[in-house]
Amino acid sequence: MLGLNAKDSRFMLIVVALTLLTPFILNPFPADSALAQFNAGYPALMQRFAIYGLMAIGFNILFGLTGYLSFGHAAFLGVGSYASVWMFKLLSMNVIPALIAATLVSGVFALAIGYVSLRRSGIYFSILTLAFAEMCYRLAYSVLTPITNGETGLQITLSDPRILDGAPTGSSLPTPGFFGLKMNAAHTIDIAGWSFTFSVGYYFCAVIALIGFYLSLRIFRSPFGMMLRAVKSNQQRMNYTGLNSRPYTLAAFVISGMYAGLAGGLLAAMDPLAGAERMQWTASGEVVLMTIVGGVGTLMGPVLGAGFIKYCENIFSKINESVLHSWFSFLPDGIEDVVTWIFARFVGEGWHLTLGVMFMLIVTFLPGGLVEGGKRLAARRKKKGDVDAAKHPAE
Amino acid sequence: MDAIILQLFNGLEKGSAYALIALGLTLIFGTLGVVNFAHGALFMIGAFCAVTLSRIFQISFVTEDPTQTDFLGNPLQVETPYVEKWFGADAGAWMIDYSVPLSILLTIPVMLLVGYVMERGLIKHFYKRPHADQILVTFGLAIVLQEVVRYFYGANPIQTTSPSDYSGTVNIGAMFGMQIFYPVWRLVYFFFSAIVIGGVFAFLQFTTFGMVVRAGMADRETVGLLGIDIDKRFTLMFGIAASVAGLAGVMYAPILSPNYHMGMDFLVLSFVVVVVGGMGSLPGAVAAGFLLGILQSFASLNEVKAIIPGIDQIIIYVVAIVILLTRPRGLLGRRGVMEE
């Protein structure tokens, strides 16, 4: 199917099904139950899963396949956001020109930065990309204010020309849409206590993320992907065989930059606002975290990692001490306070601590990330099952 | 002319902070071959040592002072810090006033301990792993340290004062017959960093321990074959590098009110400095620190900004990119360090 072999087709179909059913999967608890705060099926969060998943997929093409650790990918996210907000301002509130502009502009950016940065490898490459991203961030704050609107961030206004849309009507700001489908439109279905939200914005992002996932699957399976893996395993040997690896790594860099730009464009399409802080290097660190947590070089890993981190960021940070008190109220008083205190350090405002600790543990003990962890669990269960079967052959 | 001299001094002060942080970072690169993304966090912990000590000194108890009364005739309640009670009023006030320099005494053992725990507990397991893994795990550690500090001290910057004797400005242009006023504490910072840098170099140059460490930097295996427990010495070097970062932070606290993310802000800069100076080169790190500090100060002159707008924001990165592309080893980089 679509140029994939049977196994990959099955994998792809599962991913498609999971993506389309996300509003159900992420809402396992009835809306009025005590566990409803673990529901993540609201549009703003689901969109983030798809968008950051897309970005992590792109990042994985560079880092997972070629082993080049870029610490500057947030720059492309920011550039994509700015480009698409400018398209909203100048052309039309339709998201298509905005996304095309975001992808192309960030692609050009990535070409320029990658052309220079890829002259060095290893830690030097990381520092170079970091320096470029920091430069973009500083410039977006200071000199480029006419383009980026400095600290305030770039927003759409009523007085924007919007050539294709014509003169603005009404006094409220228009919302981005896809040929008439408004991005913020949502439909809620209530079934016996559960409420599932289906939002246009999420499905739009999800479809684009699926396309991105399909493309990355094809890249992973292609001779080009093979070449990138060869670069990762031993670039020197590649060079000695007379092969110039630069065009390959540059292509990978540009592709991943375009993914990041597209993700930035989608962020702006969901909420037409672009600010410089999206380009800060700690934001680049976030996508690195996502990829590692999920599993570098695996197909599904980055998406899982992105989902996992965004889920924790939004759900863990909502849990405060009073919630914890209600959870542990069955414990004796003194113990309850201690347990609550300990847990409170890791949720709510402290969830970053959880993230840091978890990240360190994963890098140290589980270099393959969540995917590897899942595989190990599966393998252990299988082994145990075999042992059980051997012990009780009759059953 | 005044502006140029002023910027030169500004640059020296900035540069001494950069040089100190980069020096510690390079010590870790050079000895252990580890890329430490948590170095900025060590700098931050140093700065918070100053905050901690000044808070400890200010712990006080409340007494009624019969000599002072409010308008009803009741004695006023006054807070007396314990240090004033224990060491006498004058000495106590002096200690509170000088809490930043005094916290150097606290910083060194704290940072040695932090460095030791970090190296034995975490970094040790990452010598054989790729640099990317080292970057990642120390980045995670930096997040953790940052969050711990935020839990104890809150998210807002904490104002820290320099001793009142050193808090004003001084006319540094007097000897040139000019009026150039400059904050005294920044001069103190410059001299302090010069002492620390000199101390580290002297330690490496003139002690047997330093000689062994330098030999270990050049060829770890051979030194090990000579029967020297090089790992133990490198652990200590990690502690020393952490202390250098901490010292850079503790004296910087009055200049930049410590906040929990200052480590991440300085981290990028310090890496840029190290790369410009040449990875693994101690003199390179110091030279590049001062060079970049001075360049940055001059780039913020209005005359320069008029020619190239925004140059003050990006000069450091531009220099780093140019250096990395033209001289991959940096200004004074040694051959074979981090070059795979």
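Just so it is clear: chains get the letters A, B, ... in the order the sequence lines come, proteins before strands, and each one is counted from 1.
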So which part of S142(A) gets closer than 4.5 Å to some heavy atom of chain B, the side chain, the backbone, both or neither?
side chain

Turns out that what part of V357(A) lies under 4.5 Å from chain B's heavy atoms comes down to both

Given heavy-atom pairs under 4.5 angstrom as the criterion, report whether the side chain, backbone, both or neither of S117(A) touches chain B.
neither

Can you tell which of F63(A), W281(A), F359(A) has the highest number of heavy-atom pairs within less than 4.5 Å of chain B?
W281(A)

Quick check on I292(A) against chain B: is it the side chain, the backbone, both or neither that has a heavy atom closer than 4.5 Å?
side chain

Side chain / backbone / both / neither for L361(A) at chain B, heavy atoms under 4.5 Å
neither

Please confirm whether W351(A) and Y151(B) have ring centers closer than 6.0 angstrom.
no

Is the distance between the ring centroids of F71(A) and F37(B) less than 6.0 Å?
yes

Taking the side chain as every heavy atom from C-beta outward, state whether L289(A) and I143(B) have any atom pair closer than 4.5 Å.
yes

Counting only non-hydrogen atoms closer than 4.5 Å, does V143(A) touch chain B with its backbone (N, CA, C, O), its side chain (CB onward), both, or neither?
side chain

Would you indicate whether the side-chain heavy atoms of T364(A) and F126(B) approach each other to under 4.5 Å?
yes

Ring centres of F271(B) and Y124(A) under 6.0 Å apart?
no

Minimal non-hydrogen separation, V318(B) against M135(A), with atom names
CG2-SD, 4.0 Å

Can you find a heavy atom in the side chain of Q134(B) that is under 4.5 Å from one in the side chain of I123(A)?
no

